[in-house]
Amino acid sequence: MKSFQNKVLEITTNIPKGSVLSYKEVARLAGSPKAYRAVGNILGKNYNPKIPCHRVICENGKIGGYNRGAKEKKKVLKEEGFNFKS
DNA sequence: CGTATGACGTGCA
DNA sequence: GTGCACGCCATAC
């Protein structure tokens with residue numbers, strides 16, 4: 001089962017600590033630069049705690065959202081040393 | 001197969 | 001700078 005979803009999740013899982021990728025970047029790495037929509041859709045519906053989805057942010061530097069609350073996402077990113085826009 | 005949804009992105013007024 | 005509309009792709013029903 002190597003679907004686009006699996007790629008996105010795998011890529012997200014491989015994001016090193018302190019680094020963040022935009023939805024568009026993840027989509028590009030997954031093989032479809034224009035599938036950033038699908039990336040958001042997948043991560044949004046994905047509740048797997050093993051996936052550091054908080055390291056995937058908007059292209060404009062915004063958080064966008066988080067399955068556990070954008071607040072947590074901001075907190076985690078800040079803890080990892082990545083300061084983003086409020 | 002067609003429609004609806006979503007944590008987006010870009011363009012234009 | 002802000003707000004609205006459209007487009008794009010994958011998944012669910």
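Nucleotide B/dG9 holds its C1' atom 13 Å from the CD atom of A/Glu25, rounded to whole Å. Between the P atom of C/dC9 and the CD atom of A/Glu59 lies a distance of 17 Å, rounded to the nearest Å. Taking atom CG of A/Asn60 as the reference point, atom P of B/dG11 lies 14 Å away to the nearest angstrom. Between the CG atom of A/Leu43 and the P atom of B/dC8 there is a distance of 10 Å, rounded to whole Å. In this structure, A/Tyr36 places its OH atom 8 Å from P of C/dC9, rounding to the nearest Å. If you measure from atom CG of A/Asn67 to atom C1' of B/dG6, you get 13 Å, rounded to the nearest angstrom.
For the pair A/Leu43 and A/Tyr23, the minimum side-chain heavy-atom distance is below 4.5 Å. In this structure, A/Glu10 and A/Lys2 have side chains that are in contact, with non-hydrogen atoms separated by less than 4.5 Å. Between A/Leu29 and A/Val8, the closest side-chain pair of non-hydrogen atoms is not below 4.5 Å. Taking the side chain as every heavy atom from C-beta outward, A/Tyr36 and A/Val26 never approach each other to under 4.5 Å. Residues A/Val20 and A/Ile15 have side chains not in contact (no heavy-atom distance under 4.5 Å, counting atoms from C-beta outward). The closest side-chain heavy-atom distance from A/His54 to A/Lys74 is not below 4.5 Å.
Not one N or O on the side chain of A/Asn46 forms a donor-acceptor pair closer than 3.5 Å with the backbone of A/Leu9.
Ion pairing between a basic and an acidic side chain is recognised when a charged N comes within 4.0 Å of a carboxylate O; A/Glu25 and A/Arg28 show such pairing.
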At a cut-off of 3.5 Å, list every protein nitrogen or oxygen paired with a nitrogen or oxygen from nucleotides 10-13 of chain C, distance to 0.1 Å.
from, atom 1, to, atom 2, distance (Å)
C/dA10, N3, A/Asn41, ND2, 3.1

Close N/O contacts between protein and nucleotides 1-4 of chain C (under 3.5 Å):
none

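Enclosure of atom NZ in A/Lys73 by more than 12 non-hydrogen atoms of other residues, nucleotides or ligands within 6.0 angstrom is indicated.
A/Lys24 comes within contact range of the sugar-phosphate backbone alone, with a heavy-atom separation under 4.0 Å but no base atom that close.
Donor-acceptor pairing under 3.5 Å, judged by distance alone, is absent between the side chain of A/Tyr66 and the base of B/dA7.
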